Amino acid sequence: MSEAILEQITESLIKGQAPVVKGLVQKAIDAGVSAEAILNKGLVAGMAVIGDRFKRNEVYIPEVLIAARAMNSGMELVKPLLKQAGVKAKGIVCCATVKGDLHDIGKNLVCMMLEGAGYEVVDLGVNCDAEKFIAAVQEHNADAIGMSALLTTTMTNMKTTIDAFVEAGLRGKVKILVGGAPLTQNFADEIGADGYAPDAASAVDLLDNLLGLA
Ligand code: B1M
């Protein structure tokens, strides 16, 4: 019975049917299925399928956004139960677009994918300077930061942020992920990031790897 509901949640999420997902999640809760199972075997399983299809160019940004909306509709019901049950996220990651940069569509996708994969995401928005990243990492005891940049003029601010983490003695505490259209793996290596992801779904694989969860 519970396996069937969880499968239906996964399928409906893949189709982006937010109201259906919400109804099914409520039905699963009422049937006594654990919040952790609903999250991992229902919602996260669906987002993983969308992430894989996105990586293979079988679905595009609109489908990802619609699936993420369906995910969020289920998460609204599950989140308080996870808290009550003391279920821990896979890790905590602070994400933002770097200082001087206002592009947030890619960063938002990365946040959704990470959340969909079971991470707690602290979204620091756009135009985020090194001090704000550092304060957020300290406040939330984060395991990682994710920086996005879309401008050749702002991607250099990623290095400024990494240098600030080194100076603050916090570089060893956090994994640093970078991404955005003008970036390359070479650039990530040059600035001393831990990893570069070309798209939002790969950001999940990368973080899983960096945190030893893959
Ligand atoms: Co701007 N813009 N823009 N823009 N804009 C670009 C980036 C540009 C390439 C357009 C062009 O000239 N052809 C160009 C940059 C040129 C350059 O630097 N080489 C440009 C420019 C110049 C500017 C302004 C300077 C224009 C002006 O005012 N003169 C200005 C800058 C403002 C600022 O930031 N300070 C500006 C403004 C804007 C808008 C506000 C109008 C708007 C942004 C709206 C918003 O984001 N809320 C905008 C847009 C929409 C674009 C384009 C059209 C689309 C960007 C986008 O959202 N792509 C863009 C041209 C283009 O790409 N065709 C352009 C979709 C998004 C999903 O992709 O963000 O790459 P992307 O994310 C991908 C991956 O890169 C990766 O995952 C995502 C997909 O899975 N990824 C990560 C991203 N972050 C990641 C982080 C990770 C891992 C993966 O780990 C943490």
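The structure presented is a predicted model; accordingly, all values stated were derived computationally and were not measured. Just so you know, ligand 1 is whichever comes first in the structure, and atom 1 is the first atom listed for that ligand.
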P198 contact mode with ligand 1 (heavy-atom cut-off under 4.0 Å): backbone
Is there side-chain contact between L43 and V25, with at least one heavy-atom pair below 4.5 Å? yes
Heavy atoms of M47 and L13 approach each other most closely as N-CD2, 3.6 Å
Looking only at side chains, do Q26 and D30 share a donor and an acceptor under 3.5 Å apart? yes
When you check the gap from the basic side-chain N to the acidic O, do D143 and K90 get nearer than 4.0 Å? no
Is atom 54 (C) of ligand 1 close to the protein, meaning a heavy atom under 4.0 Å from it? no
Has R171 got a side-chain atom pairing as donor or acceptor with V174's backbone, closer than 3.5 angstrom? yes
Specify side chain, backbone, both or neither for V178, according to which of its non-hydrogen atoms lie closer than 4.0 Å to ligand 1. backbone
Under 4.0 Å from a heavy atom of V110: which atoms of ligand 1 are those, numbered in the order shown and with their elements? 82 (C), 85 (C), 86 (C), 87 (C), 88 (C), 89 (C)
Check each of K55, M113, H103, K99 against atom 43 (C) of ligand 1 and report the one with the nearest heavy atom. H103
So for L109 against ligand 1, with non-hydrogen atoms under 4.0 Å, the contacting part is side chain
With heavy atoms and a 4.0 Å threshold, my read on which part of F54 contacts ligand 1 is side chain
Which atoms from ligand 1 have a heavy atom of D101 less than 4.0 Å away? 34 (O)
Closest protein heavy atom (residue, atom, distance) for atom 24 (C) of ligand 1: L151 CD2, 4.6 Å
Salt-bridged, D129 to K132, with N to O below 4.0 Å? no
Selection from A201, G180, G106 by shortest heavy-atom distance to atom 81 (N) of ligand 1: G180
As a test of the contact definition, would atom 38 (C) of ligand 1 count as having a protein heavy-atom neighbour under 4.0 Å? yes
Hey, are D189 and Q185 close enough side-chain-wise for a donor-acceptor pair under 3.5 Å? yes
